[in-house]
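Okay, so here's the structure we're looking at.
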Amino acid sequence: MSFRLKAAIAAAFALSASAAVTAADMSSANEAVPSAQSFSELNAAPPVATKPAIVFAAPREVAQPLAPLSGSADVKADNLAALVDAQGDAETLDGDMRCLAGAVYFESKGESLEGQLAVARVIINRAKSGRFASSLCGVVYQPGQFSFVRGRGMPPIPTASRSWREAVAIAQIAMQDSWDSQAEGALFFHARRVSPGWGKRQLAAIDNHIFYR
């Protein structure tokens, strides 16, 4: 074997050994020194158990249903006379309802149902206005307002009559606000036969009465 061939073989062996050592060194570095990510993971505190987040539902408005008024449930009518008939027989009334029905009876018995309803609405409007007594009986018995009132009482009422039945039905309809009056918003009325010159805004003239705001 020539001298040159021996030198080439020796150089090849030396180069192969050097490559093996370099590869071993690189493998050892990768195993011994963790990357920044793996180091953080190894030294991180153990996970702490957490409670699930509380999710609050959107607030909802809670509606309290109102109890239906007597005689008003599922009553449907396309005219006031039918609505009056749907009220049934006259009930035994006391307190404010009797005062209201009594005022309707004495002020407008024999008039049209629309006229009776307008009288009832005036009394209710007064009680709500803050300008008169706050109760229906207080409005009816207020001194100097209704000519049928004698002191703190009404004359006897024939409760078996058709006129009383209509007055009771109209009082119930007015309290339930289940039919619009031709004189909505009225606070005053007088008989057609008089002319008090009030200077108030006239809203309607029904039967024997003229209604004002």
Side-chain angles (χ1 to χ4, degrees), residues 64 66-73 75 80-81 83-194 196 198 200-213:
Q64 176 66 41
L66 299 178
L69 294 172
S70 174
S72 66
V75 173
L80 184 54
L83 192 57
V84 167
D85 288 341
Q87 301 304 308
D89 295 333
E91 299 180 7
T92 301
L93 303 178
D94 54 17
D96 276 351
M97 285 300 295
R98 186 173 181 84
C99 289
L100 179 59
V104 171
Y105 176 85
F106 286 113
E107 284 291 331
S108 57
K109 66 176 179 290
E111 296 188 12
S112 69
L113 298 176
E114 287 78 8
Q116 295 181 53
L117 180 62
V119 169
R121 293 302 303 169
V122 166
I123 296 169
I124 293 171
N125 291 342
R126 285 189 173 193
K128 293 179 177 179
S129 70
R131 299 167 60 181
F132 298 86
S134 59
S135 69
L136 300 180
C137 285
V139 168
V140 171
Y141 291 128
Q142 187 170 341
Q145 297 301 309
F146 296 96
S147 60
F148 65 85
V149 173
R150 297 291 184 268
R152 291 287 298 176
M154 297 181 186
I157 300 173
T159 56
S161 66
R162 176 177 176 80
S163 294
W164 175 245
R165 179 190 176 278
E166 285 186 351
V168 171
I170 287 294
Q172 292 170 335
I173 291 167
M175 284 297 293
Q176 295 161 9
D177 198 16
S178 53
W179 195 268
D180 288 338
S181 167
Q182 297 178 26
E184 283 296 323
L187 289 172
F188 306 91
F189 66 86
H190 64 73
R192 285 180 184 267
R193 65 178 182 273
V194 300
W198 285 340
K200 303 180 186 302
R201 181 163 64 93
Q202 181 176 324
L203 297 180
I206 309 172
D207 301 330
N208 296 323
H209 294 98
I210 301 176
F211 297 85
Y212 299 84
R213 174 67 177 168

Would you give the length of the straight line joining atom [atom1] of [X] to atom [atom2] of [Y], rounded to the nearest 0.5 angstrom?
{"X": "Leu203", "Y": "Phe211", "atom1": "CG", "atom2": "CZ", "value": "10.0 Å"}
{"X": "Arg162", "Y": "Lys109", "atom1": "CZ", "atom2": "NZ", "value": "15.5 Å"}
{"X": "Phe189", "Y": "Ser108", "atom1": "CZ", "atom2": "OG", "value": "7.5 Å"}
{"X": "Ile123", "Y": "Cys137", "atom1": "CD1", "atom2": "SG", "value": "10.0 Å"}
{"X": "Gln182", "Y": "Trp179", "atom1": "CD", "atom2": "CH2", "value": "10.5 Å"}
{"X": "Leu93", "Y": "Gln172", "atom1": "CG", "atom2": "CD", "value": "6.5 Å"}

Are the side chains of [X] and [Y] in touch, meaning some heavy atoms are under 4.5 Å apart?
{"X": "His209", "Y": "Glu107", "answer": "yes"}
{"X": "Ile210", "Y": "Gln202", "answer": "yes"}
{"X": "Val140", "Y": "Leu100", "answer": "no"}
{"X": "Tyr105", "Y": "Val168", "answer": "no"}
{"X": "Val139", "Y": "Gln145", "answer": "no"}
{"X": "Asn125", "Y": "Glu184", "answer": "no"}
{"X": "Val119", "Y": "Glu111", "answer": "no"}

Minimum heavy-atom distance [X]-[Y], with the two atoms named:
{"X": "Ala118", "Y": "Ser181", "result": "CA-OG, 3.5 Å"}
{"X": "Trp164", "Y": "Ile157", "result": "CE3-CG2, 3.5 Å"}
{"X": "Leu113", "Y": "Ala81", "result": "CD1-CA, 3.5 Å"}
{"X": "Pro156", "Y": "Phe106", "result": "O-CZ, 4.0 Å"}

Give a yes or no on whether the backbone of [Y] and the side-chain of [X] come within a donor-acceptor separation of less than 3.5 Å.
{"X": "Gln87", "Y": "Ile170", "result": "no"}
{"X": "Glu166", "Y": "Ser163", "result": "no"}
{"X": "Arg152", "Y": "Val149", "result": "no"}
{"X": "Arg213", "Y": "Ala183", "result": "no"}

### Message
Consider side-chain contact (heavy atoms from CB on, under 4.5 Å). Of Leu187, Asp177, Asp180, which one does Arg121 pass it with?
### Response
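Exactly one option meets the side-chain contact (heavy atoms from CB on, under 4.5 Å) with Arg121, and it is Asp177.
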### Message
With side-chain hydrogen bond (donor to acceptor under 3.5 Å, both in side chains) as the test, pick out the partner of Tyr212 among Lys200, His190, Arg201.
### Response
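Exactly one candidate clears the test, His190.
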### Task
Please determine, by modelled atom types, if Arg126 and Gln142 share a side-chain donor-acceptor pair under 3.5 angstrom.
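No.
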